[in-house]
Amino acid sequence: LFVLIGTTITLLIERSSGSVKDELAALELENAMHDGLEQRQFTVHYQPVVVVGADPHIVGLEALVRWEHPGHGLLSPAAFVPDAEANDMIVPIGAFVLETACRQVVEWNDERPDRPLTMAVNLSSRQLARPDVTEVIARVLRETGLDPSLLHLEVTESALVEDVAESTARLLELKALGVRIAVDDFGTGYSSLSYLRQLPVDVVKVDQEFVAGMAGDTEAATIVGAIVSLAHDLGKTTIAEGVEAADQL
């Protein structure tokens with residue numbers, strides 16, 4: 001009996017200690033993100049979007065956030081975005097990326113007014129769920145002077161189908177600003193093709209997992225072909241993610 005009680009007490013103490021450590025670690029990470037924003041450790045990189053055909057050229061860019069962490073070097077989104085979403089730091093980080101990307105593309109477009117570039121910015125499920133998201137985006141468009149039609153807001157497929165009715169209402173609010181909506185990573189997650197018809201999206205991005213396997217996998221190539229064909233039949237633009245080789249192009 002004493003051993004059982006003693007063991008139970010020990011386990012409870014260990015679990016409690018571990019929980020405190022986890023909470024402290026989470027708090028330290030959140031504080032580090034706060035400091036990172038204030039000290040301009042977060043930067044925005046840009047990936048080109050290229051139209052294919054007889055005259056291939058860059059038509060747009062996608063904004064990608066990076067964290068220049070003082071102790072760990074340059075961190076990709078996979079290293080910190082999940083934690084930022086968990087502690088809601090994704091909201092101020094996302095706002096920083098949106099404003100930075102919009103200001104940058106306005107500057108570039110002023111230099112080449114004959115072929116204005118679009119700018120794609122990721123919108124997390126946390127941002128999309130906020131009641132002030134439309135107001136925030138409208139303010140950034142107003143302050144930066146970016147033509148709303150040149151801003152593409154990218155939302156993952158999984159975030160959109162959590163509540164289709166709510167997502168539809170929110171996307172319609174955003175589209176009323178004049179922006180375009182892209183469904184990101186299509187082909188993963190729930191992958192119901194019916195959502196392409198239900199949701200008010202303009203652009204379908206084929207997940208790079210399928211694009212990467214096209215050369216040696218006939219099934220992957222068939223899936224990509226089916227998504228592109230269906231999207232085009234529904235009047236939507238398609239973008240293939242992560243094209244890195246001539247055969248994929």
Side-chain angles (χ1 to χ4, degrees), residues 29-49 58-70 72-110 116-160 170-171 173-175 177-185 201-203 205 208 239 241-242:
L29 180 58
E30 183 176 349
N31 289 335
M33 290 181 180
H34 274 292
D35 293 342
L37 276 175
E38 291 180 358
Q39 298 170 15
R40 300 182 180 276
Q41 294 171 5
F42 289 94
T43 58
V44 182
H45 294 201
Y46 302 94
Q47 185 173 19
V49 179
I58 295 175
V59 293
L61 301 154
E62 179 180 355
L64 304 171
V65 66
R66 297 290 187 269
W67 186 4
E68 286 275 9
H69 193 284
H72 301 285
L74 188 65
L75 300 179
S76 71
F80 63 88
V81 165
D83 292 305
E85 290 178 339
N87 61 27
D88 269 351
M89 279 300 297
I90 194 65
V91 174
I93 292 174
F96 159 76
V97 174
L98 175 67
E99 184 170 351
T100 301
C102 288
R103 289 192 186 282
Q104 180 62 79
V105 77
V106 166
E107 181 180 327
W108 280 331
N109 284 343
D110 285 345
L117 298 168
T118 62
M119 178 60 72
V121 179
N122 290 293
L123 198 65
S124 73
S125 58
R126 292 295 183 98
Q127 291 172 283
L128 186 65
R130 290 179 64 87
D132 64 343
V133 61
T134 304
E135 180 183 339
V136 169
I137 293 168
R139 177 185 57 78
V140 170
L141 289 170
R142 186 170 59 252
E143 292 179 354
T144 61
L146 178 64
D147 180 342
S149 67
L150 298 178
L151 177 61
H152 292 192
L153 297 174
E154 299 189 353
V155 187
T156 61
E157 178 187 5
S158 57
L160 289 175
R170 187 54 52 85
L171 294 185
E173 281 184 19
L174 293 171
K175 283 175 66 67
L177 297 176
V179 305
R180 304 189 76 199
I181 305 296
V183 55
D184 201 7
D185 300 335
V201 299
D202 306 290
V203 181
K205 298 188 69 180
Q208 61 181 345
I239 297 178
E241 295 180 335

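This is a predicted model, so every value here is computed, not measured.
With a 4.5 Å cut-off on side-chain heavy atoms, L37 and P92 count as touching. Between K205 and H152, every side-chain heavy-atom pair lies at or beyond the 4.5 Å cut-off. For the pair L171/L128, a side-chain contact is recorded, criterion being any heavy-atom separation below 4.5 Å from C-beta on.
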Exercise. Please test R170 against T134 for side-chain contact (heavy atoms from CB on, under 4.5 Å), starting from the C-alpha separation and ending with a verdict.
Key: CA-CA 8 Å; R170 187 54 52 85; T134 304; 4.2 Å; yes

Quiz prompt | Verdict with reasoning, L174 to L123, per side-chain contact (heavy atoms from CB on, under 4.5 Å) | solution = CA-CA 11 Å; L174 293 171; L123 198 65; 4.0 Å; yes

Self-check item: side-chain contact (heavy atoms from CB on, under 4.5 Å) between R130 and V91, intermediate numbers included
Solution: CA-CA 9 Å; R130 290 179 64 87; V91 174; 3.7 Å; yes

Exercise. Could you check N122 against V81 for side-chain contact (heavy atoms from CB on, under 4.5 Å), going step by step and ending with a plain yes or no?
Key: CA-CA 11 Å; N122 290 293; V81 165; over 6 Å; no

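The residues R103 and E99 are annotated as salt-bridged, a charged nitrogen and a carboxylate oxygen being separated by less than 4.0 angstrom. In summary, R126 and E85 do not engage in a salt bridge, as defined by a charged side-chain N under 4.0 Å from a carboxylate O.
Relative orientation of the F42 and W67 rings is parallel, given thresholds of 30° and 60° on the angle between their planes.
The two residues F80 and L75 make their nearest non-hydrogen contact at CE2-O, 3.5 Å. The minimum heavy-atom distance linking P48 with L61 is given by the pair CA-CD2, 3.9 Å. When all heavy atoms of S124 and Q127 are compared, the closest pair comes out as N-OE1, 2.9 Å.
Applying the 6.0 Å contact sphere to CD of E143 captures more than 12 heavy atoms from other residues, nucleotides or ligands.
For the side chain to side chain contact (heavy atoms under 4.5 Å, CB included) with C102, the qualifying choice from I137, L151, L150 is L151, the only one to do so.
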